[in-house]
2 protein chains.
Amino acid sequence: MPYIASRVLERELKKGSAELLILSLVEDRPRHGYDISKLIETRSKGALKFNVASLYPLLYRLEKRGWIQGRWVEKAGQRRRRYYKLTLEGKKVLAAQRRGWRGFVEAINRITGMEHA
Amino acid sequence: MPYIASRVLERELKKGSAELLILSLVEDRPRHGYDISKLIETRSKGALKFNVASLYPLLYRLEKRGWIQGRWVEKAGQRRRRYYKLTLEGKKVLAAQRRGWRGFVEAINRITGMEHA
DNA sequence: ATGCTATATATGGCATTGCGATATATTATT
DNA sequence: AATAATATATCGCAATGCCATATATAGCAT
């Protein structure tokens with residue numbers, strides 16, 4: 001029963017940054033859930049992997065809060081997709097979350113002695 | 001009912017990095033719980049605040065895993081304190097967690113477009 | 001035909017766990 | 001006498017991440 005610490009850390013950390021990730025990814029263009037999950041995997045080079053059982057409920061929560069707005073898109077020969085776009089309110093939240101993220105990283109680095117990271 | 005996004009983010013993120021913070025703080029010298037909680041507050045300039053109802057159970061968990069080792073220190077005119085020191089196993093875990101943290105930050109920055117942060 | 005993989009969304013339910021609230025104990029300050 | 005700071009401890013609720021599973025479509029291999 002080896003305890004793989006860094007993997008645990010990453011799994012735990014992903015939770016808190018999930019909103020920031022999603023909001024960032026729908027910033028430039030509307031995206032559907034599966035697209036978001038794949039983007040997170042590829043852009044992080046496999047370091048982060050979003051479980052769909054976490055992703056979809058989170059998308060619903062963000063939409064309920066009015067940070068993203070979804071609409072169904074039907075296309076022949078394709079399963080229907082729900083594309084989410086960032087709302088005006090969402091833009092403000094994203095800006096705040098980016099500030100929060102930066103401040104948080106600085107705080108952690110200060111405490112753990114990783115200034116130069 | 002204003003939704004303070006960055007505060008939510010920080011609270012959520014703190015969870016995952018809690019182990020890294022504690023292990024880092026007992027790296028140079030043994031420290032007791034209250035000391036650790038105060039250090040996190042001061043070194044982060046108030047950005048991070050550890051709830052004691054989270055801190056103490058976490059210390060027990062880390063000790064149970066063998067990453068830190070505690071011992072009671074009694075001193076006249078003082079409430080008894082439990083000083084935790086980093087074990088050999090803990091040192092390895094801390095190194096792995098630091099690598100994990102760095103990789104995680106890089107992954108997030110890549111995904112959210114904050115390379116230059 | 002059949003099975004497997006990728007795409008795409010959805011959810012029941014369990015297990016984890018963060019934290020508000022509260023408690024106990026000692027010392028110093030007002 | 002009351003309050004604040006130091007120091008550790010825990011009950012119990014609420015939040016939520018994810019395993020497992022389900023549904024539906026399309027492409028490709030066997």
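Letters A, B, ... are given to chains in the order of the sequence lines, protein chains preceding strands, and every chain is numbered from 1.
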Going by chain and number, the hydrophobic cluster around B:Val73 (ILVMFWY, side chain to side chain under 4.5 Å) further includes B:Tyr83

When rounded to whole Å, the CD to P distance for the pair A:Glu74 and D:dT25 reads 11 Å

Self-check item: Within-4.5 Å side-chain heavy-atom neighbours: A:Ile108 and B:Val105
Solution: no

A correct 5'-to-3' footprint of nucleotides 19-25 of chain C, with B, S and - meaning base, sugar-phosphate only and no protein heavy atom under 4.0 Å, is BBB--BB

Sorted by chain and number, sequence neighbours left out, side-chain hydrogen bond (donor to acceptor under 3.5 Å, both in side chains) with B:Glu63 holds for B:Arg82

Using a 3.5 Å cut-off and no angle test, enumerate the donor-acceptor pairs between side-chain atoms of residues 85-95 of chain A and protein atoms at least two apart in sequence or in another chain.
{"from": "A:Thr87", "atom 1": "OG1", "to": "A:Gly66", "atom 2": "O", "distance (Å)": "2.6"}
{"from": "A:Thr87", "atom 1": "OG1", "to": "A:Trp67", "atom 2": "O", "distance (Å)": "3.0"}
{"from": "A:Thr87", "atom 1": "OG1", "to": "A:Gly90", "atom 2": "N", "distance (Å)": "2.9"}

When every non-hydrogen atom of A:Arg43 is compared with those of B:Arg110, the smallest separation belongs to O-NE, 2.9 Å

With a 4.0 Å cutoff (strictly under), does any side-chain N or O of A:Arg61 reach OP1 or OP2 of D:dG17? yes

From NZ of A:Lys64 across to C1' of D:dA15 the rounded distance in Å is 13 Å

Residue pairs passing the ring pair (Phe, Tyr, Trp, His ring centres under 6.0 Å) test with at least one member in residues 34-60 of chain A, sequence neighbours excluded, are none

Whole-Å distance, A:Lys75 NZ to C:dT7 C1', equals 14 Å

Notebook entry, point to check: Distance check: side-chain N/O of B:Tyr60 vs OP1/OP2 of D:dA9, anything under 4.0 Å?
Noted result: yes

When rounded to whole Å, the OH to P distance for the pair B:Tyr83 and D:dT6 reads 13 Å

Heavy-atom side-chain contact between A:Leu55 and A:Ile22 under 4.5 Å
yes

Ordered by number, residues from residues 28-48 of chain B within less than 4.0 Å of DNA chain C (heavy atoms) are none

Rounded to whole Å, the CG-P distance (B:Leu59 to D:dT8) equals 9 Å

Residue pairs passing the salt bridge (charged side-chain N to carboxylate O under 4.0 Å, His left out) test with at least one member in residues 27-37 of chain B, sequence neighbours excluded, are B:Glu27-B:Arg98, B:Asp28-B:Arg31, B:Arg31-B:Asp35

